[in-house]
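Since the structure comes first, as structure tokens, the remarks are kept for the end.
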2 protein chains.
Amino acid sequence: MADNPADAADAEPTLEEQIAAYQREFQDLDPQVEQIVSALGRLNRRMNVAYGRQTASLGITNAEWEVLKALVLSGAPYRMGPGDLAKRLGLTPAAMTHRIDRMVAEGLVTRDRDESNRVRVIVELTTEGRAKWLEAMRAASGFEEDLLQDLSPEERGVLGEVLTRLLRRVEDAQPDAGGRLTDLT
Amino acid sequence: MADNPADAADAEPTLEEQIAAYQREFQDLDPQVEQIVSALGRLNRRMNVAYGRQTASLGITNAEWEVLKALVLSGAPYRMGPGDLAKRLGLTPAAMTHRIDRMVAEGLVTRDRDESNRVRVIVELTTEGRAKWLEAMRAASGFEEDLLQDLSPEERGVLGEVLTRLLRRVEDAQPDAGGRLTDLT
DNA sequence: TGTGTATAGTTTAGATCCTAACTTTAGCTT
DNA sequence: AAGCTAAAGTTAGGATCTAAACTATACACA
């Protein structure tokens, strides 16, 4: 995660050039829609690169940071089962087993059998894991403040509201066979 | 890519619950900033899942779709070198070699040595590859229209403009050692 | 009890990616 | 021309992920 090739200055065309190229190759395109979608995708990619740099400088990976986040958000005493963690992060249980292996080795979490139900396993945040999360959180929120610095309070409000509305639309709607979103309401 | 665990309905807390949890665990947090950032990240993840379902139903992967996009956007005659493709997609040249292997085997692209400079290799879109791109493009833009359907023209304009401004900020600013964005202007 | 079934997690095999070393070609420099 | 250096791509080995088989535990019901 430290030196991903995605970090490199990547000879990408500007957003304007890219949209012009799409219009040239696909006449049916709505340039306004494409601008929103392309900007969204690229912004997200850049942000993940930035997060990756920050977590790497703290000696953890983005993957580990995700696990720390899930545990902290679950609230004290910061315990979850591997299966719940896997669902929460969109991973297979197998991948979670390995990820937890690594994090136990680094002292970020502990793994113990649940004595009241010996099929279950309890992953618990260590003090060190909680401290790492806090450091990463501070760095991330500083970066996020910088990113949004030029937006007026009104713009922030509109942006948050509109993005939330879009999110609700993807989360609530069920795509049909062709991938179109059909309203459930 | 077809049946990623990320596709599953993932027991994720609602955005509101998540922001409340962040505030509980990290008092310095600006809820408005967190709403924007969280909605952005989750929206992007859901959209990628949707794209993945669509490309899978066309018999290609999202990874292959990215290559097709880069080639089409480069314009006729739809040729690029593996190195340029790798930079464009944020992959290592090694990964691109393997990805092209697969796509050649599937008939989406051809790979030939450049006879005018025998160190170089030319990857060229096939007719079938171009057709696949067009199908995927139609599906994607349909989905994108559905997604933005509830946004007024004014909202679309503001959203596109604000996202573009944010993107410019990450692309132009150089993060310092702590990951903070410093203006270059 | 005993057995069937479901659940939780791990293990194994295969896929894709990254890092690093290597090969081939081109272009300088002397 | 000979050799140095840089550039483009491939190969080899390790890391992390998915899919599928497997193990262990718990619970229901005869």
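Lettering of chains follows the sequences in order, A, B, ..., and the numbering in each one begins at 1.
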Review point. Using a heavy-atom distance cut-off of less than 4.0 Å, which residues of residues 65-81 of chain A contact DNA chain D?
Key: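 Within this stretch, nothing sits under 4.0 Å of the strand.
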
Whole-Å distance between [N] [atom2] and [X] [atom1]?
{"X": "A:Arg113", "N": "C:dT10", "atom1": "CZ", "atom2": "C1'", "result": "9 Å"}
{"X": "A:Asn62", "N": "C:dC18", "atom1": "CG", "atom2": "C1'", "result": "16 Å"}
{"X": "B:Ile122", "N": "D:dT10", "atom1": "CD1", "atom2": "P", "result": "13 Å"}
{"X": "A:Asp112", "N": "C:dG9", "atom1": "CG", "atom2": "C1'", "result": "15 Å"}
{"X": "A:Asp84", "N": "C:dT7", "atom1": "CG", "atom2": "P", "result": "14 Å"}
{"X": "A:Ile100", "N": "C:dA8", "atom1": "CD1", "atom2": "P", "result": "14 Å"}
{"X": "A:Leu85", "N": "D:dC17", "atom1": "CG", "atom2": "P", "result": "13 Å"}
{"X": "B:Met96", "N": "D:dA8", "atom1": "CE", "atom2": "C1'", "result": "14 Å"}

Review point. Can you check whether B:Thr92 has a side-chain N or O nearer than 4.0 Å to OP1 or OP2 of C:dC17?
Key: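 The answer is no; no side-chain N or O of B:Thr92 sits under 4.0 Å from OP1 or OP2.
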
Practice item. Examine D:dT10: is either OP1 or OP2 under 4.0 Å from a nitrogen or oxygen in the side chain of B:Arg111? Give yes or no. Key: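 So the side-chain polar atoms of B:Arg111 do come within 4.0 Å of the phosphate oxygens OP1 or OP2 of D:dT10, strictly under.
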
For a quick test of your reading: what N or O donor-acceptor pairs under 3.5 Å do the side chains of residues 131-142 of chain B make, sequence neighbours left out?
{"unit_1": "B:Lys132", "atom_1": "NZ", "unit_2": "B:Leu58", "atom_2": "O", "d": "2.5"}
{"unit_1": "B:Ser141", "atom_1": "OG", "unit_2": "B:Met137", "atom_2": "O", "d": "3.4"}
{"unit_1": "B:Ser141", "atom_1": "OG", "unit_2": "B:Arg138", "atom_2": "O", "d": "3.4"}

Side-chain contact test, heavy atoms from C-beta onward, threshold under 4.5 Å: evaluate it for [X] versus [Y] and give yes or no.
{"X": "B:Pro82", "Y": "B:Thr97", "result": "no"}
{"X": "B:Asp30", "Y": "A:Glu145", "result": "yes"}
{"X": "B:Met103", "Y": "B:Leu68", "result": "yes"}
{"X": "A:Met47", "Y": "B:Val37", "result": "yes"}

What are the atom names and distances for every N/O pair under 3.5 Å that joins the protein to nucleotides 13-16 of chain C?
none

Check your understanding: Nearest of C:dC18, D:dA20, D:dT10 to any side-chain atom of B:Pro93?
Key ->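 Output: D:dT10.
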
Exercise for review: For DNA chain D, write out the stems as range with range, using runs of 3 or more consecutive Watson-Crick or G-U pairs with both distances under 3.5 Å.
Suggested key: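 DNA chain D forms these stems: C:1-30 with D:1-30.
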
Point to revise | Nearest heavy atoms of A:Ala39 and B:Leu167, plus distance in Å | key: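 The pair with the smallest heavy-atom distance is CA-CD2, 4.3 Å.
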
Check your understanding: Can you name the residues that form a side-chain contact (heavy atoms from CB on, under 4.5 Å) with A:Ala70, not counting sequence neighbours?
Key ->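 A:Ala70 satisfies side-chain contact (heavy atoms from CB on, under 4.5 Å) with A:Met80, A:Leu85, A:Arg88, A:Leu89 once adjacent residues are dropped.
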
Practice item. Check ring-ring contact (aromatic ring centres under 6.0 Å, His included) between B:Tyr51 and all other residues, then give those that pass, not counting sequence neighbours. Key: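 For B:Tyr51 the ring-ring contact (aromatic ring centres under 6.0 Å, His included) partners, ignoring immediate neighbours, are B:Trp65, B:Phe143.
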
Kindly list each side-chain donor-acceptor pair under 3.5 angstrom involving residues 151-160 of chain B, sequence neighbours excluded, with atom names and distances?
{"unit_1": "B:Ser152", "atom_1": "OG", "unit_2": "B:Glu154", "atom_2": "OE1", "d": "3.3"}
{"unit_1": "B:Ser152", "atom_1": "OG", "unit_2": "B:Glu155", "atom_2": "N", "d": "3.1"}
{"unit_1": "B:Ser152", "atom_1": "OG", "unit_2": "B:Glu155", "atom_2": "OE1", "d": "3.4"}
{"unit_1": "B:Glu155", "atom_1": "OE1", "unit_2": "B:Ser152", "atom_2": "N", "d": "3.0"}
{"unit_1": "B:Glu155", "atom_1": "OE2", "unit_2": "A:Arg165", "atom_2": "NH2", "d": "2.6"}
{"unit_1": "B:Arg156", "atom_1": "NE", "unit_2": "B:Leu151", "atom_2": "O", "d": "3.3"}
{"unit_1": "B:Arg156", "atom_1": "NH2", "unit_2": "B:Leu148", "atom_2": "O", "d": "3.0"}

Review point. Base, sugar-phosphate, or nothing for B:Ala95, non-hydrogen atoms under 4.0 angstrom?
Key: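 Sugar-phosphate, backbone atoms only, no base.
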
Review point. According to the side-chain hydrogen bond (donor to acceptor under 3.5 Å, both in side chains) rule, which pairs have a member within residues 68-85 of chain A, sequence neighbours left out?
Key: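 Matches after skipping sequence neighbours: A:Tyr78-A:Arg130, A:Tyr78-B:Glu25, A:Arg79-A:Glu124.
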
Practice item. Please determine if A:Glu171 and B:Arg46 form a salt bridge, counting it only when a charged side-chain N lies under 4.0 Å from a carboxylate O. Key: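 So A:Glu171 pairs with B:Arg46 through a salt bridge.
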
**Study point:** Nucleic acid contacts - residues 114-121 of chain A versus DNA chain C, non-hydrogen atoms under 4.0 Å
**Key:**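 Those residues are A:Val119, A:Arg120, A:Val121.
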
Point to revise | Residues forming a side-chain hydrogen bond (donor to acceptor under 3.5 Å, both in side chains) with B:Gln27, sequence neighbours excluded | key: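 If we apply the side-chain hydrogen bond (donor to acceptor under 3.5 Å, both in side chains) test to B:Gln27, skipping adjacent residues, there are no hits.
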
Review point. Taking only residues two or more places apart in sequence or in another chain, which ones pass side-chain hydrogen bond (donor to acceptor under 3.5 Å, both in side chains) with B:Arg120?
Key: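 Per chain and number, B:Arg120 pairs via side-chain hydrogen bond (donor to acceptor under 3.5 Å, both in side chains) with no residue.
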
Point to revise | Of all pairs that satisfy salt bridge (charged side-chain N to carboxylate O under 4.0 Å, His left out), the ones with a partner from residues 103-114 of chain B, not counting sequence neighbours | key: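 Checked against salt bridge (charged side-chain N to carboxylate O under 4.0 Å, His left out) - neighbours excluded - the pairs reaching residues 103-114 of chain B are B:Asp101-B:Arg111.
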
